[in-house]
Amino acid sequence: MLRSKLAASGYILGSVIALLLAPAALAQDNPLLDPNAASGAHFHPQGKPPSAATLRYRDAVKAGLPFEDERDFEEHNRGFLKTPPYTKIMADAGNIAWDMESYQFLLQDKDFPSIHPSLQRQAILNMGYGLYEVLPGKIYQVRGFDLSNVTFIKGETGWIVFDPATTAEPARAALKFINDMLGERPVTGVVYSHSHIDHFGGVRGVVDEADVRAGRVPIIAPEGFLREAISENVFAGNAMSRRSRIQYATILARNPHGHVDQSIGKNVSAGAPGLIAPTISVDQPFQEITVDGVKMVFQNTPDTEAPAGMNTWFPDWKAFWAGENVTATIHNIYTLRGAPVRNALNWSKEINSAIYNFPNMEVLFASHSWPRWGNDRIMEVLRAQRDLYANMNNQTLHLANQGVTINQVHNVYEVPKSLQRQWAARSYHGAVKNNVRAIINRFLGFWDGNPVNLDPMSPADIAPLYVEMMGGAQPILAKGRELNAAGRYRESGEILSRLVFAEPTNQEARQLLADAFEQLGYQSESTSFRNSYLQLAAELRTGIAEGIVSNTNSPDVVRAMATDQWLDFLGISMDSRKADGMRWTINLVTPDNGEKFLVEMSNATLTNIKGFTKPDAELTITLNRTDLDQVMVGAKSFEELEGEGKAKFEGDRRPFNELRSILTVFTPDFEIFPATANARAVPTNVKPFQFGADLMSVTE
């Protein structure tokens, strides 16, 4: 039914027939492209179809959804110009950076019972692939080349590019495609809407840094962009990388029983990320800037979807760019990959500010999803999102002030019924259940008031006692089978999780827990919930898989790091248990940028302070920051730079050698459940003091 709506509006991906005719050949090109997807067969030999309970749940949910409202399909296709002749974009490194073929099973006009009906609708809407005209002769978008859209504003002489994707290759392809379609035009400006990498990482695909540095191409970003673009992912970057692979299921098969969508787009591209520093900072609440003849008013929106972000109003065109503050979903107040909890009330207020400062909007478009047109429709969408962010904040605190705890609120809070009937307020990206818990955490912290949770035992330590008190493994397995059969998957997960932690090699427990997670995944409207359940089910069955994913640890990103951030990261990387008895100070001097730091090891803790050195420090290291960049990305070692005359060591090298000896190489493959890691060697190509062996906490 949903695909037929797309077909009726003139949009079907041209190569869907090729996928159906030759899935095996395509699968050889992309390991995520599952040959069973088109037929609806499961990608995993131990996978299960939707249970009778899941089917009943799905039917009940489907009956309450507003499928009669089909405006999103009309808006999604409005302005469609052309699909490119390819569905893959290759990375410069030789791997596939982007592949829309792997999702074409969604366009078969099938109702997949393993996908929440609302999510399937969203997943089909996110199959938009090609060039779209948002405002005739003025605003265009290339959609479906990455998680985010690449937006092109037509200036007097060239293109102003808004949010040039995650990696260079899709951004480059988008620029070439629009130029091929509409005529060659140079890029005359770039805008970063906010500090997440899927909105700036592809910049080198659309602009040459020399043109930026020469002042020919301005890059506009919100105040604090550069530091926020780095800092959110530095200190817990490796953990975020692992958690991102769960939340985004970046290496899970693309299949009706696996990855189907990322709610604000299909997935994250796996090309080469970069970063060119902004040249213009938006530091006022509203700031007017004209680029290439196009007048823009930037609305600064810090502490909303990102710590540094902004919207843009085009007064001459009555068009409003919402960045990622307003998309076709309720977003994350807390994102499962890990990030500071966001300010739901402030988010609501910034949307409200846009409503009343720009009341005559006729076009609403953003860095994800599709535009809306007409003032009434736009205000309906803006108010839906404004009201739900405010309602979640206010009513969560209303409940908390009556004693509802962080471990209860998601089972108590209800979205107002009028908002439940609006597609723009559904939980595709951020789950309401997750968000309301985050709001309590923001105001009251993680403790629920129960003293037993002041000092809780680790799961692996308490699990054996639970198993013992429940009579051992066999009664738990029997109850798990009974609960699964009754569709009580959350309860099943509670007891089976205890058994898996107590008996990691109990295969039946692992399989039953995986079965419960799988059904919960099928029932989830939120991609974050679905992906997490399905990814962990796969890991319980066959361990942690490997695959190619985007890596944000590029030279550009490292160069943008402040030196003190890197030194702080060294303090996290060092194993304090091995530092007992160490005591020393090191001066670090970088003459090319005039910085100096005092680094001190004391009480098995590494600290640093900018602007200070000690004349009696055990060691002074002097090198330019541009050369330190080479150490941070692993291109050179300190010794190599010393041999080249680019680094000078004065004093006792013992502190340097001691620090190097206690640094840990982080890899994003640690276990969530025991006995799921597949044996692999610690990377041998990582140099001492390199920043982040694999950092991929790139997304929203």
Side-chain angles (χ1 to χ4, degrees), residues 1-27 29-30 32-43 58 62 65 67 70-89 96 98-132 141-147 149 170 177 249 252-267 269 328-329 368-370 423 428 522 525 527 530:
M1 178 185 70
L2 293 177
R3 182 183 169 223
S4 64
K5 294 185 188 306
L6 292 175
S9 65
Y11 173 70
I12 299 177
L13 288 182
S15 57
V16 66
I17 296 174
L19 174 63
L20 298 176
L21 292 178
L26 294 172
D29 297 332
N30 184 358
L32 299 179
L33 196 161
D34 180 63
N36 297 316
S39 64
H42 204 294
F43 67 91
R58 193 176 188 275
K62 192 173 183 179
L65 291 168
F67 282 107
E70 299 179 356
R71 289 174 296 172
D72 283 332
F73 284 95
E74 299 163 5
E75 293 161 335
H76 148 276
N77 191 59
R78 179 170 169 175
F80 172 69
L81 297 178
K82 191 175 180 60
T83 296
Y86 50 83
T87 53
K88 291 191 187 73
I89 299 171
I96 296 173
W98 185 253
D99 186 2
M100 283 295 278
E101 274 175 5
S102 59
Y103 293 104
Q104 291 188 29
F105 64 87
L106 290 163
L107 299 180
Q108 297 180 75
D109 204 16
K110 286 185 178 179
D111 188 22
F112 292 107
S114 54
I115 309 174
H116 189 288
S118 176
L119 177 57
Q120 181 171 340
R121 174 187 178 278
Q122 183 79 354
I124 292 173
L125 285 163
N126 279 331
M127 289 296 289
Y129 183 55
L131 178 62
Y132 295 77
Q141 288 187 319
V142 174
R143 300 182 207 144
F145 279 42
D146 190 77
L147 185 70
N149 304 324
F177 187 52
L252 190 67
R254 292 163 186 179
N255 179 286
H257 301 86
H259 194 280
V260 300
D261 198 51
Q262 205 48 60
S263 68
I264 53 175
K266 300 314 294 180
N267 213 311
S269 61
T329 178
H368 297 283
S369 309
W370 52 91
W423 292 117
Y428 299 120
Y522 295 160
E525 182 178 37
T527 57
R530 175 187 171 91

Study note, to complete from the structure: side-chain contact (heavy atoms from CB on, under 4.5 Å) filter on A328, not counting sequence neighbours, yields Q122, S369, W370, R372
Exercise for review: State, with a plain yes or no, whether a side-chain heavy atom of L131 is found less than 4.5 Å away from one of F177.
Suggested key: yes
Exercise for review: Enter the distance from Q120:CD to S114:OG here, rounded to the nearest 0.5 Å.
Suggested key: 8.0 Å
Exercise for review: Establish, yes or no, whether the cationic atom of R530 lies under 6.0 Å from the six-membered ring centre of Y522 and within 45° of the ring axis.
Suggested key: no
Study note, to complete from the structure: Closest non-hydrogen contact found for G144 with W98 is O-NE1, 2.5 Å
Review point. So, K266 side chain and A123 main chain: donor-acceptor pair closer than 3.5 Å or not?
Key: yes
Exercise for review: Measure across P256 and I115 and return the closest heavy-atom pair with its distance rounded to 0.1 Å.
Suggested key: O-CG1, 3.5 Å
Review point. Do you know the tightest heavy-atom contact between H76 and R143?
Key: O-NH1, 3.4 Å
Check your understanding: Given F145 and I89, is the side chain to side chain contact (heavy atoms under 4.5 Å, CB included) satisfied, shown in steps?
Key -> CA-CA 8 Å; F145 279 42; I89 299 171; 3.6 Å; yes
Revision key, fill the gap. Here the gap from L147 atom CG to N267 atom CG, rounded to the nearest 0.5 Å, amounts to 7.5 Å
Practice item. Kindly indicate whether the side chain of L65, heavy atoms from C-beta on, has any atom under 4.5 Å from the side chain of P117. Key: yes
Practice item. Answer yes or no: is there a donor N or O on one side and an acceptor on the other, between the side chain of Q262 and the main chain of T527, under 3.5 Å? Key: no
Check your understanding: Is the backbone N or O of Y129 less than 3.5 Å from a side-chain atom of T83, with the two atoms forming a donor-acceptor pair by type?
Key -> yes
Point to revise | R71: partners by salt bridge (Lys or Arg N to Asp or Glu O under 4.0 Å), with sequence neighbours left out | key: D69, E380
Revision key, fill the gap. Scanning both residues in full, the closest heavy-atom pair of F43 with L252 reads CZ-CD1, 3.8 Å
Review point. What heavy-atom pair brings N126 and S263 nearest, and what distance separates the two atoms?
Key: ND2-O, 3.0 Å
Check your understanding: Does the side chain of L32 reach to within under 4.5 Å of the side chain of H259, using non-hydrogen atoms?
Key -> no
Review point. Looking only at heavy atoms, what is the nearest atom pair of L33 and S102, with distance?
Key: CG-CA, 3.8 Å
Exercise for review: Test salt bridge (Lys or Arg N to Asp or Glu O under 4.0 Å) on D99 and R254 and set out the steps.
Suggested key: CA-CA 11 Å; D99 186 2; R254 292 163 186 179; 5.1 Å; no
Check your understanding: Is a salt bridge present between R121 and D72, judged by a nitrogen-to-oxygen distance below 4.0 Å?
Key -> yes
Practice item. Kindly assign one of parallel, tilted or perpendicular to the pair F105 and Y103, based on the angle between their ring planes and the thresholds 30° and 60°. Key: tilted
Practice item. Go through the steps to decide whether K88 and E101 satisfy the test side chain to side chain contact (heavy atoms under 4.5 Å, CB included), and finish with yes or no. Key: CA-CA 7 Å; K88 291 191 187 73; E101 274 175 5; 2.8 Å; yes
Check your understanding: Yes or no on ring pair (Phe, Tyr, Trp, His ring centres under 6.0 Å) for F112 and H257, after CA distance, side-chain angles and deciding distance?
Key -> CA-CA 9 Å; F112 292 107; H257 301 86; 8.2 Å; no
Point to revise | Centroid-centroid distance, F67 to W423, less than 6.0 Å | key: yes
**Study point:** Exam field: side chain T87 to backbone M100, donor-acceptor pair closer than 3.5 Å
**Key:** no
Review point. Going by distance alone, is a donor N or O of one side chain under 3.5 Å from an acceptor N or O of the other, for D261 and Y428?
Key: no
Point to revise | Partner residues of P113 under the side-chain contact (heavy atoms from CB on, under 4.5 Å) criterion, sequence neighbours left out | key: P50, L55
Exercise for review: Please confirm whether the backbone N or O of G265 pairs with a side-chain atom of H368, one donor and one acceptor, at under 3.5 Å?
Suggested key: no
Check your understanding: Does N255 reach the side chain of N36, with side-chain heavy atoms less than 4.5 Å apart?
Key -> yes
